[in-house]
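Note sheet for the following structure.
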2 protein chains.
Amino acid sequence: MGIGRHDLLTIGQLAERSGLATSALRYYEKLGLIHADRTTGNQRRFARSTLRRVAFVRAAQQVGLSLEEVRTALDRLPHDRAPSHQEWNAVAIAWQRRIDRQIAELELMKRKLTGCIGCGCLSLTRCALYNAEDRAAQAGPGARYLLTRDPASGPEPLPSAE
Amino acid sequence: MGIGRHDLLTIGQLAERSGLATSALRYYEKLGLIHADRTTGNQRRFARSTLRRVAFVRAAQQVGLSLEEVRTALDRLPHDRAPSHQEWNAVAIAWQRRIDRQIAELELMKRKLTGCIGCGCLSLTRCALYNAEDRAAQAGPGARYLLTRDPASGPEPLPSAE
DNA sequence: GTGCAACTTGAAGTCGACTTCAAGTCAAGC
DNA sequence: GCTTGACTTGAAGTCGACTTCAAGTTGCAC
């Protein structure tokens with residue numbers, strides 16, 4: 001089980017195995033999300049571990065991160081070899097926290113909607129969904145935290161029949 | 001409590017109360033997401049119920065819908081008056097299902113990651129995160145369902161120590 | 001050693017979701 | 001009735017995340 005040339009992937013192979021276009025991979029490389037060594041003829045050769053990084057990038061985008069944010073997150077991992085168990089765990093755990101936050105946000109949104117369904121949502125003065133936005137405006141121009149918890153006030157009371 | 005001119009909002013008022021820029025609201029109107037009547041002098045006047053629609057649009061974007069998708073969803077609501085309880089409920093419930101799907105997807109992603117942390121994730125042949133992507137590639141070029149359940153196979157087994 | 005698919009680069013194009021600009025019109029308080 | 005801030009339009013600009021293009025180079029199977 002020596003280290004043969006199968007340990008390095010051409011950009012075409014990486015594209016095929018990751019499901020991404022080669023143009024996207026070149027773009028990711030330019031952004032510093034992935035790294036490639038070069039052959040003497042200047043062609044890219046990717047380490048196999050790049051597949052994991054790419055999977056990570058796609059997953060992160062799914063959760064709503066920009067590529068810039070992903071880059072920051074991935075900076076904790078070595079760019080040219082497989083990460084150690086420890087390195088990977090650190091990133092994975094941070095990552096789980098991010099997912100948890102996202103889930104919490106969605107659940108908050110859902111709860112608000114549940115309140116709207118059950119209660120007099122049609123009354124504009126009581127609809128939590130509506131009010132969430134309306135209060136956002138009070139916070140000043142450009143306030144755009146949407147249905148997120150209002151940073152300026154404690155946890156929101158659930159909307160209820162009254 | 002008669003119907004006075006306070007029942008209509010100028011674009012500036014709508015912007016202030018929704019937290020969006022007037023340019024965004026004009027853009028939404030162009031896309032058919034919201035509707036405005038016009039004064040004799042051609043200025044927009046929005047019904048108060050537009051605030052709810054706008055809140056909805058922002059919430060939908062948060063969950064990852066494009067404005068085009070939002071438009072389709074909102075087409076079930078009347079554009080120029082407050083929706084009836086029934087109309088609103090129908091949309092809200094469909095909406096909750098969408099949120100549930102999104103949450104389920106995130107939880108799947110998290111479970112995969114949990115497996116990665118506990119197990120030999122560094123083995124490329126066993127990492128669920130990695131394999132999810134890799135299998136996507138097998139499905140043909142352009143397959144991009146990311147960490148979603150593979151449509152071609154049943155529910156995925158959880159990654160485990162073995 | 002040659003042929004051809006796969007690679008290289010930089011520049012330009014695209015798409016969604018807006019924002020900014022310019023030049024002009026409206027509404028309402030004094 | 002005038003002033004001034006809020007409004008109107010269409011066109012162009014921006015940003016992130018890519019894709020497409022053109023023109024040239026490399027790697028490898030035969």
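Order of the sequence lines sets the chain letters (A, B, ...), proteins ahead of strands, with each chain counted from 1.
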Item to check | Rounded interatomic separation in angstrom, taking OH from A:Tyr28 and P from D:dT19 | outcome: 8 Å

Checklist entry - Pick the nucleotide of DNA chain C nearest each of B:Ser66 and A:Gly12; which residue has the one closer to the 5' end? => result A:Gly12

Next on the checklist: Using whole Å, what does the distance between atom C1' of nucleotide C:dG16 and atom CZ of B:Arg58 come to?
Outcome noted: 13 Å

Checklist entry - Which nucleotide in the list D:dT26, D:dT9, D:dA17 gets nearest to the side chain of B:Arg26? => result D:dT9

Checklist outcome for this item: When rounded to whole Å, the CG to P distance for the pair A:Asn42 and C:dC7 reads 13 Å

Checklist entry - Would you say the side-chain atoms of B:Gln102 and A:Gln102 include a donor-acceptor pair closer than 3.5 Å? => result no

Checklist entry - Atom CD1 of B:Ile11 and atom P of D:dT8: how far apart are they, to the nearest Å? => result 5 Å

Checklist entry - Below 4.0 angstrom from OP1 or OP2 of C:dG16, is there any side-chain N or O of B:Arg71? => result no

Checklist outcome for this item: Per atom distances to the A:Arg38 side chain, the nearest of C:dA17, C:dT8, D:dG16 is C:dT8

Next on the checklist: Looking at A:Gln61, I'd like to know whether one of its side-chain N or O atoms comes within less than 4.0 Å of OP1 or OP2 on D:dC18.
Outcome noted: yes

Checklist entry - Is the distance from OP1 or OP2 of D:dC7 to the nearest side-chain N or O of B:Arg44 less than 4.0 Å? => result no

Item to check | Toward the 5' end of DNA chain C, by each residue's nearest nucleotide, B:Gly41 or B:Val57 | outcome: B:Val57

Item to check | Selection from D:dG27, C:dA17, C:dA27 that lies nearest to any side-chain heavy atom of B:Arg45 | outcome: C:dA27

Checklist entry - How many Å lie between CD on B:Gln43 and P on D:dT9, as a whole number? => result 10 Å

Next on the checklist: What is the distance, to the nearest angstrom, from the CG atom on B:Leu33 to the C1' atom on C:dC18?
Outcome noted: 13 Å

Next on the checklist: Nearest to the side chain of B:Thr10, heavy atoms from C-beta on, is which of D:dT19, D:dC7, C:dT8?
Outcome noted: D:dC7

Checklist entry - Are side-chain heavy atoms of B:Arg44 and B:Leu14 found at a separation under 4.5 Å? => result no

Checklist entry - Whole-Å distance between C:dC18 P and B:Lys30 NZ? => result 13 Å

Item to check | Validation row: B:Val91, B:Phe56 side chains within 4.5 angstrom (heavy atoms) | outcome: yes

Checklist entry - Would you call B:Arg71-B:Glu68 a salt bridge at under 4.0 Å N-O? => result yes

Next on the checklist: Can you tell whether the side chains of A:Glu29 and A:Arg38 come within less than 4.0 Å, N to carboxylate O?
Outcome noted: yes

Next on the checklist: By nearest atom, which of the nucleotides D:dG27, C:dA27, D:dA17 is closest to the A:Thr39 side chain?
Outcome noted: D:dG27

Checklist outcome for this item: Between B:Thr22 and A:Thr40, the residue closer to the 5' end of DNA chain D by nearest nucleotide is B:Thr22

Checklist entry - In whole Å, what is the span from the CG atom of A:Leu8 to the C1' atom of C:dA6? => result 17 Å

